[in-house]
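Not measured: the values here are computed from a predicted model. Chain naming here is simple, since letters A, B, ... match the order of the sequence lines and numbering starts at 1 in each.
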Amino acid sequence: MPVTLALCPKACGPNRGPSPCERRSLSVSMLSTLDDLKNRLQTALVNAFGPDLEGTDPVLVPTNNPKFGDYQANVAMSLAKRLKDKPRAIATKIVENLTIDDLCEEPQIAGPGFINLKFKTDYLQNQLKAVYADERLGIPTANPPQRTIVDFSSPNIAKEMHVGHLRSTIIGESIARTLEFLGHDVLRLNHVGDWGTQFGMLITHLRDVCPEAMTDSSTVDIGDLVTFYKQAKKRFDDNDDFKTTSREAVVDLQSGDPEARLAWQALCEQSRKEFQKIYDRLDITLQERGESFYNPLLDDVVVDLKSLGLLEEDQGAQVVFLEGFTNKDGNPQPLIVKKTDGGFNYATTDLAAIRQRTTQEKAQRIIYVTDAGQANHFAQVFQVANRAQWIPEGVELVHVPFGLVKGEDGKKLKTRSGETIKLKELLNEAIDRAEKDLRQRIADETRDETEEFIHTVSTGVGMGAVKYADLSQNRTSDYIFSFDKMLALQGNTAPYMLYAYVRVQGISRKGDIDFSQLGDAPMLLAEESELTLAKHLLALDAVVMEVAQELYPNRLCQYLFELSQKFNQFYDRCSVLQAEEPNRTSRLMLCDLTARTLKLGLSLLGISVLGRM
RNA sequence: GGACCCUUAGCUCAGUGGAUAGAGCAACCGCCUUCUAAGCGGUCGGUCACUGGUUCGAAUCCAGUAGGGUCCGCCA
């Protein structure tokens, strides 16, 4: 199936910066070609039917079947009424005025009036050579770069990361990597839950079980934070004295009491260490900037909302009444920004963050990667920020929601005993299973491999599988978590793609080939499978640009899966090392370019390739 | 009461206006003297939940219906 290519209809709008269409000089690959084709079709339209047709979208889309060529222009059908003529006649006139013989074969008019276009092989060969010579594989850099914040992962202090944090972390990382690769100025923020009333009980409990934390946080080892949290919670629920002391501790902390503050820091530090272990394993880069960071800014949010006339008092709380949201009685629903007890909540923090990020960080695009259950919350916060005019012209706030991770029973993923699954254990199991599988394979093939090799491959395959399984799903839908499926060696999985990469490395080893020394040989696309692979390789830039715009990493996964399939077909049908020159070198270049494309694409997903497996 | 999301092959899912709706898995049948068969080819499989509308053209856009899910005042 052809990859859907973004012809950047949205990116060309106002306030979005220059579109990919304006970067032709930097781009050698498919986007520039399509843009070129589009312009020529527009010129043909004007030449055929006059200046009224200026700016008409030629509706250039990939064909759904190779027998129709590579791309088709569907504009003729839509013009039939306006031009009072038959679509096929219109298509004929367009083709008569179209000059594309340097790029394409003779256009074919088919069906009701489709104009089918097929690239000339020598044009593709030249394009491919240009991509081959380009370290960025034809992907342009953003001009100008956008200051972008990606807000993702966001676990809660004093709680262990669990499966619920997996998607935000993996999707956020991939989005950040993709935007960074395009040259955007990305700030990755971990908006951890490091503030709130739960710290009262935690501090009080810490004071009892680990008093040294109250004077020196650096030496403290609280151990298993989940157990610690549960113990504190149990005491809070069971013991009234403890509850009272905890509430006092909250006040202490908020008023800046040094001892409470030190205990809080100890808790945060402990959590941070645990989080970092997970981030290191997953190769995630994040800057922690928790809720507490915004504490000094919260008062101003309320004060300013008041002076703007948006603030109202309702049942003792300070609220902004929302448009388009009503409560059970049909009255406007409030967004609470200051609680009856004078405290602030998450809406206040998010509003303060928007202000800080747009003013101090100068963010032009702020991306929130959270579960879909928070869609209401963000819609409400964005609405208030908008009405308060805190979102400067041209700044885009975007909630990137994702669905639940469910077990194979279709219910929310839990352990057999009903506990939340810890992320640490989930990753361990993925690696353990990958290792078991690998050892079996090594035994079956009577290979001799070192423990280090087994460790490296198991880890790479396990981590890659977990990430790829998540990213390859359309993020908006819930997804069913299955170790068996994600680690499967066939199908749309990480191992399948890693294997395609390994196959290229195998050729390099076997033939003692240094891919960097292939020189300036011509690319020859003689066989059908070579041509198909080449066309797919050229489509990388369009896919990456689309992911950056729409923020759906599964599109890139789909592309890479299809690339692996097309490579395997080529590998099956065309021998490389045994081929005669000049085909041999050309095929080696195709292999190398495939491997580089896989490596780059997987890296944008946060997945590392392996040389052997 | 309101907001949002979902319903596509036996299963898991792609597919946000273009030709005959795709893939993987499962099932079945083939292909290793040749670069790792963790691969390739083939067969089987669908009233795109339903009803209407817009359009030259609808799985896709709009309205409604049914079913499933999530969220909604002092947690985040």
Looking at [X], I'd like to know whether one of its side-chain N or O atoms comes within less than 4.0 Å of OP1 or OP2 on [N].
X: A/Lys86; N: B/C56; value: no
X: A/Gln380; N: B/A3; value: no
X: A/Ser477; N: B/G69; value: no
X: A/Arg573; N: B/G41; value: yes
X: A/Asn554; N: B/G15; value: yes

Of all the choices, [options], which nucleotide is nearest to the side chain of [X] once you look at every atom?
X: A/Val576; options: B/G39, B/C35, B/G18; value: B/C35
X: A/Asn74; options: B/G73, B/G18, B/G15; value: B/G18
X: A/Asn474; options: B/C75, B/A38, B/G15; value: B/G15

Using atom [atom1] in both nucleotides, what's the gap between [N] and [M] to the nearest angstrom?
N: B/U70; M: B/G57; atom1: C1'; value: 35 Å
N: B/U8; M: B/A14; atom1: C1'; value: 10 Å
N: B/A38; M: B/C32; atom1: P; value: 15 Å
N: B/C48; M: B/U60; atom1: C1'; value: 10 Å
N: B/U47; M: B/U7; atom1: C1'; value: 14 Å
N: B/A9; M: B/G22; atom1: P; value: 14 Å
N: B/C13; M: B/U65; atom1: P; value: 28 Å
N: B/C75; M: B/G64; atom1: C1'; value: 37 Å

Determine whether a donor-acceptor pair (one donor, one acceptor, N or O, separation below 3.5 Å) exists between the side chain of [X] and the base of [N].
X: A/Gln473; N: B/A14; answer: no
X: A/Thr340; N: B/C74; answer: yes
X: A/Asn376; N: B/C71; answer: yes
X: A/Asn116; N: B/A19; answer: yes

Whole-Å distance separating the [atom1] atom of [X] from the [atom2] atom of [N]:
X: A/His399; N: B/C71; atom1: NE2; atom2: P; value: 13 Å
X: A/Asn568; N: B/C40; atom1: CG; atom2: C1'; value: 8 Å
X: A/Phe325; N: B/C72; atom1: CZ; atom2: C1'; value: 9 Å
X: A/Phe481; N: B/C25; atom1: CZ; atom2: P; value: 20 Å

Taking a pair as Watson-Crick or G-U wobble with both distances under 3.5 Å, which nucleotide is matched to [N]?
N: B/C71; answer: B/G2
N: B/A63; answer: B/U51
N: B/C32; answer: none
N: B/C13; answer: B/G22

Rounded to the nearest 0.5 Å, how far does OH of A/Tyr368 lie from CD of A/Gln374?
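Rounded to the nearest 0.5 Å, the CD-OH separation comes out at 11.5 Å.
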Quick check on RNA chain B: between A/Leu79 and A/Trp195, whose nearest nucleotide comes earlier from the 5' end?
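Here A/Leu79 is the residue nearer the 5' end.
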Please figure out whether A/Ser78 or A/Asp314 has its closest RNA chain B nucleotide nearer the 5' end.
A/Ser78
Check the geometry between A/Tyr496 and B/A38 and answer yes if their rings are stacked (centres below 5.5 Å, planes below 30°), otherwise no.
no
With the side chain counted from C-beta on, respond yes when A/Leu253 and A/Trp195 share a heavy-atom pair under 4.5 Å apart, and no when they do not.
yes
Check whether the ring centres of A/Tyr559 and A/His536 lie less than 6.0 Å apart, and answer yes or no.
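Ring centroids of A/Tyr559 and A/His536 are less than 6.0 Å from each other.
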Donor-acceptor contact below 3.5 Å, side chain A/Thr169 vs main chain A/Ser153
no
So, A/Tyr468 and A/Asn492: side-chain donor and acceptor under 3.5 Å apart, yes or no?
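Yes.
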